[in-house]
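Report on the structure given below.
Residue numbers begin at 1 in each chain, while the letters A, B, ... track the order of the sequences. Just the heavy atoms: all of them, side chains too, but no hydrogens, waters or symmetry mates, feed the values below.
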2 protein chains.
Amino acid sequence: MTNQQTPEQILQVGLGFWPSKVLLSAVEMEVFTKLAKKPEDLETLRERLGLHTRAARDFFDSLVALGFLQRENGVYRNTPATDLFLDKSKPSYIGGILEMANLRLYPFWGGLTEALRTGQLQNEAKDGGMPFFEALYADPTRLKEFLKAMSGLSRGSNLALATKFPWKDYWSVLDLGTAQGDTVVQITKAHPHLTGTGYDLPEVGPVFEEYVKENGLSSRVKFVPGSFFTDPIPTADVITMGHILHDWDLEEKKALIAKAYNALPSGGALVVYEALIDDERSKNAFGLMMSLNMLIETPGGFDYTGADCQGWMKDAGFRETRVEHLAGPESMVVGIK
Amino acid sequence: MTNQQTPEQILQVGLGFWPSKVLLSAVEMEVFTKLAKKPEDLETLRERLGLHTRAARDFFDSLVALGFLQRENGVYRNTPATDLFLDKSKPSYIGGILEMANLRLYPFWGGLTEALRTGQLQNEAKDGGMPFFEALYADPTRLKEFLKAMSGLSRGSNLALATKFPWKDYWSVLDLGTAQGDTVVQITKAHPHLTGTGYDLPEVGPVFEEYVKENGLSSRVKFVPGSFFTDPIPTADVITMGHILHDWDLEEKKALIAKAYNALPSGGALVVYEALIDDERSKNAFGLMMSLNMLIETPGGFDYTGADCQGWMKDAGFRETRVEHLAGPESMVVGIK
């Protein structure tokens, strides 16, 4: 046994913050956005980014060896994937989530051991600081960047949701905690018979409406402002919640499911999606670690399995429930009233 | 093109500090050392480690999903690899390097962007703080733990070096910057005709001698105290330097190679090993990032390719040089005087 075992995987994961931080710093300094304009040699790229001569070559070559840049005859260029997803000037940019990870989550995850011992969050709100979302909603420019970042992260699931759910059987969809509105945009774009509503705090309205307009959907998609725990929510044939339930504790989760149930007509559907943990809790590492991220970020939030969510839906009165995979680590739970 | 590209690899690496920190916190809290004594159910393990009920289950199940623990009928146990390498009570423990990564490197790598822009180190010595090694050498218990951790990291290369070099052609070996002495121990253990010397700062002596004694090599292996830049070094047929040259700037590297050259007899060999960067600087990501780690940790250190090192050896007068792979990301450069 001893001879067959090597420590390589342990060391690779244990030092996995190295490649992670290399990529996060590259996104922070907009390496891919600059190279999307024009491939550059070492010295030009180094000067443009303002990097020190001691550091630049190892940094760029690390990005090459990690598969995020290509280098030919001394000229660095993006790979097809980094050009598409990490160039800020393209609508397909998903770097916003990595900018946030670099600025906030990397240092906050340094407090993981403390969080595990105390059950207490480790972000700005620790020790009575101002909660991140309060600060975010008070700053329209930052809020817009953040909401766009969330869209990038949800895009794959939203596209899958637009095709995998039987939308032909329904006339209207309401997205709770809609952010920029990518869920309702992708669904209504794919299904011209549907009307859509995005529901979120009033500050989100302008960002939502701009995005809907860009997508030519203003005639069928509208925004309704409100706070989903305290304000009434409009009715719709289908209510969607993506990456919402995991922010909240068990009572709050149940309250949101009950509120959706009450807003649906008989035969209506609730669609909840996120990185659902597998029922055995032994495979979807991303979903399990997302739950640890909720420990770091929220007072009581946690991720859950499809079985957990189906149970809560049954308790709320939904007569049929099912789980279906969407994209990557994400799945949806569907409940029929 | 667009449809074939997915952002999954970008997100996986960008959030790669999640699995990394989960493993580092598990090593910090000695999860594997406790489970090596006895597999435990959730509640027993949670209480033993003093974890909060909100956090424990997601944490342990993340370790299961990442492949570092197994869970059967609710009982958690180590995998064969984590039992061998992450149980503190076994000599095969390599967690010391991860303890250091958790305590020091994770937060210091948070300063990567600043290091890239300024070329300045980001560890304890930043802003005039006390350098890590000074503090370490002043504390015998911590020093011993650290030197053991370094052995764990070098073991694979040391075993390979003991078999891949033609030791039958030589009578003596001197290891410069020897730490606990694993290099000279593995080589002399495999070759009973050899005598060995470990050379390092005087504080290292007791730790070296204890380790040599444990391995039954005291009659053939001795310690010589000294500082390799300022003190003379003894002669030997072969001089080894593992994970030494990368700590230093170019002039210092050349000075160490020249010093080794002068200490060797004609026909003697210098063996330099570490995570050598491939000559194309496009494949060995670990070697390239180790060089960024030297940026974080030292005033002027950097990693290098086999071609770089062969060039410095030629300049110093070595008549023959070659590069040979050892283990994992590590290779050796051999120079014959």
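Residues A/M29 and B/L116 approach most closely at CE-CD1, 3.6 Å, considering heavy atoms.
No part of A/A26 comes within reach of chain B, as not one of its non-hydrogen atoms sits under 4.5 angstrom from that chain. For B/L105, the parts lying under 4.5 angstrom from a heavy atom of chain A are both the backbone and the side chain. Contact of B/L23 with chain A is made through the side chain alone, with heavy-atom distances under 4.5 Å. The contact between B/L153 and chain A is made entirely by side chain atoms (from C-beta outward), counting heavy-atom distances below 4.5 Å. At a 4.5 Å heavy-atom cutoff, B/L69 makes no contact with chain A through either its backbone or its side chain. For a residue to count as touching a neighbouring chain, one of its non-hydrogen atoms must lie under 4.5 Å from one of that chain's; by this rule A/K21 touches chain B with backbone and side chain alike. Proximity to chain A involves both the backbone and the side chain of B/R117, based on heavy atoms less than 4.5 angstrom apart. B/T118 touches chain A through its backbone: at least one of N, CA, C or O sits under 4.5 Å from a heavy atom, while the side chain does not. When heavy atoms are compared at a cutoff of 4.5 Å, B/A101 approaches chain A by way of both its backbone and its side chain. Interface residue B/R57: backbone and side-chain heavy atoms are both found under 4.5 Å from chain A. For chain A, the nearby part of B/L24 is the side chain; its heavy atoms alone come within less than 4.5 Å. Contact of B/T82 with chain A is made through backbone and side chain together, with heavy-atom distances under 4.5 Å. Only the side chain of B/L98 comes within less than 4.5 Å of a heavy atom of chain A; its backbone N, CA, C and O stay farther away.
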